[in-house]
Amino acid sequence: PLRRQRQMCIRDSSRRAAIRGDGRRACKADPCALSADHRQPAGGIALVGSPTGRTPVHRAGPAGPGGADIRRDARRDTPDQNREHRGMSTASLPVAKPGRLALPLPATLFIVGLVLPIVFHLGSFRLSPYRLVLVAMFIPCLIQWLNGGMGRRSWPDIFAFGIAGWSTLAILRVHGAANMDSIEAAGIVCIETLTPYLLARLCIRDIDSFRSMVRLHLVSLLILLPFALIETLTARNPILDLIGSVVHTYPDIEKPARLGLDRVQGPFEHPILFGVFCGSGFALGYFALGPAYRLARAALSATVAMLSLSSGPLSALTAQAALILWDRLFTGIQGRWLMLGALTILAYLVIDLFSNRSPVEVFISYAAFNPQTAFSRVLIWEWTWINTWQNPWFGLGNNDWQRLWFMTDSVDMFWMHRTMVYGLPVGILNQLLFFWIIISLVRKSGLDEATAGCRKGLIVCLAGLY
């Protein structure tokens, strides 16, 4: 009886320590004290999602690449199983604060601001809702990063700061540091490059916030769908017409019809931007929110994105669909992604050896709508490289790029455009950032089904957009 009483006293003191947030001391006194019946704010298992606080949710795992910490949902596991699965004590695992929003307000405002085509001026600055969020969050995000509020620093952080810093330097070098216009341009380039990355590092740090981001994106697509159908059938943009009657908005640009339909611009400055925004939800909607209604979510994203009738977004959709199909066909094969990578490299080498065109030109020709579009894409590829090699270090800045007289000023390849505008260092850093994140995500192990789905959706989405 004395031994049993002593054990009960130790367990009670350990539970009180867990409630106070001293999870490490509780685990040392008695690991069994960290049961699913108690809320632990500072370590281990946070109990959220029910009025009684009885649903255990892991906030476990080291910060992922770029700080996007996608952690495992352990609602069906016991604390001992979770510790065994992760290979660590629950006392050392960070937890979200009880009662917080799944997706913090700054990230919500940023995503909503992307689909609000409102333009206003503050002095000489042209601002929009999403840009206003970025400007307001720039200093707070920097402070949080310096204070360790985004987890440990990583190589993607260095790459992101390098991209923002070199882009700013390139603008000042090309247009002059004494020019006020170039200072303003350099400032906004730095803010728009770095703040979205840091905002994601700060606000999307677990599986709940990641899934909330995906849900918000899909809801925005559902709202945009009827307006997009009206625009593609009538060649009138109801969103810009409605908002333009009240405040300043983006111009409704002239664009040739394709397949007898108007290319949907929606609340963006160009149909390509509309297609990229909508198509990025394809793989995320399919993988990240579980198997229920996954086809409906993917179909929603694909339907809205295809209304842009732009070959770039449609190529991204095709790539995502091909990767999803590959995953479904070879689910039982553990090395299916290594096999796909090897086949991709082999196909590249075969085309390079036996074709009179480069592999990139062959791919572009098959991904375009028609031969004219394919020819235009190949010319863009060739002339962006010509301009890049003429200005390898600091790029062209905001100056116009050299091209043939019948070519438009549009460059539809994001990373090529940034390389041409800001120089080869930015292009190299962009590649390092992208592939470092992809490889880091691929190497993650010990993930449950829900977290692995979020990881897979993010990888497929990034690969398609690349």
Side-chain angles (χ1 to χ4, degrees), residues 126 131 156 158-177 179 181-197 253 268-273 275-277 310-313 315-316 319 357-365 367-368 372-437 462-466:
R126 194 192 79 160
R131 183 175 283 185
I158 306 302
F159 300 147
F161 274 92
I163 293 170
W166 194 271
S167 300
T168 303
L169 179 63
I171 291 293
L172 296 176
R173 174 67 176 80
V174 172
H175 299 286
N179 186 354
D181 292 337
S182 65
I183 294 175
E184 293 177 358
I188 203 63
V189 164
C190 180
I191 290 174
E192 289 195 336
T193 301
L194 186 60
T195 312
Y197 173 84
I253 64 173
F268 295 90
E269 295 183 79
H270 196 278
I272 293 177
L273 300 178
V276 169
F277 176 82
S310 299
S311 58
S315 299
R357 297 179 296 171
S358 69
V360 174
E361 293 176 352
V362 173
F363 169 76
I364 291 175
S365 64
Q372 291 78 14
T373 304
F375 180 67
S376 174
R377 292 287 191 275
V378 171
L379 288 178
I380 290 174
W381 171 263
E382 293 175 350
W383 280 91
T384 49
W385 275 117
I386 291 174
N387 283 265
T388 298
W389 289 118
Q390 290 177 348
N391 306 273
W393 289 105
F394 297 103
L396 294 173
N398 293 327
N399 296 320
D400 198 12
W401 58 293
Q402 298 180 18
R403 58 191 182 276
L404 299 177
W405 62 271
F406 55 85
M407 296 173 61
T408 65
D409 60 352
S410 175
V411 178
D412 299 337
M413 305 171 195
F414 173 76
W415 60 272
M416 274 302 304
H417 177 266
R418 294 183 69 85
T419 303
M420 182 178 68
V421 172
Y422 304 118
L424 278 173
V426 168
I428 294 172
L429 289 172
N430 267 315
Q431 302 304 311
L432 289 174
L433 177 62
F434 176 84
F435 285 105
W436 193 285
I437 291 176
L462 292 175
L465 292 177
Y466 183 81

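Aromatic rings from F435 and Y466 are positioned such that their centres are separated by under 6.0 Å.
The structure places CH2 of W383 at 5.0 Å from CG of L404, a figure rounded to the nearest 0.5 Å. Expressed to the nearest 0.5 Å, how far CG of L169 lies from CH2 of W393 amounts to 12.0 Å. Within the model, atoms CG of N179 and CD of E184 stand 9.0 Å from one another, a figure rounded to the nearest 0.5 Å. Between T193 atom OG1 and I188 atom CD1 the span is 9.5 Å, to the nearest 0.5 Å. A distance of 4.5 Å separates CZ of F161 from CG of L194, quoted to the nearest 0.5 Å. Residue L432 holds its CG atom at 7.5 Å from CD1 of I428, rounded to the nearest 0.5 Å.
The shortest distance between side-chain heavy atoms of Q402 and L396 does not fall below 4.5 Å. Side-chain contact check for Y422 versus N430: every heavy-atom pair is 4.5 Å or farther apart. Residues W401 and V411 have side chains in contact (heavy-atom distance under 4.5 Å, counting atoms from C-beta outward). Proximity of L379 to R403: side-chain heavy atoms (C-beta onward) are nowhere separated by under 4.5 Å. Contact check for V421 versus S167: no side-chain heavy atoms found under the 4.5 Å cut-off. Counting heavy atoms from C-beta on, the side chains of N399 and H175 come closer than 4.5 Å. Inter-residue side-chain proximity for I380 and M416 is flagged as unmet; no heavy-atom pair is nearer than 4.5 Å.
Between the side chain of W415 and the main chain of G427, no donor-acceptor pair closer than 3.5 Å is present.
Of all the heavy atoms in R126 and R131, the pair that sits closest is O-NH1, 2.7 Å. Contact record, G397 with I171: CA-CD1, 4.2 Å, taken as the closest heavy-atom pair. Among all heavy-atom pairs drawn from F394 and A170, the shortest one is O-CB, 3.5 Å. The minimum heavy-atom distance linking A177 with I183 is given by the pair O-CD1, 3.3 Å. Of all the heavy atoms in P392 and P425, the pair that sits closest is O-CD, 3.7 Å. The two residues R377 and G312 come nearest to each other via the heavy atoms NH2-N, 4.2 Å.
Below 30°, between 30° and 60°, or above 60°: for W385 and W381 the angle between ring planes is above 60°, a perpendicular geometry.
For the side chain to side chain contact (heavy atoms under 4.5 Å, CB included) with T419, the lone residue among L424, V426, T384 that qualifies is L424.
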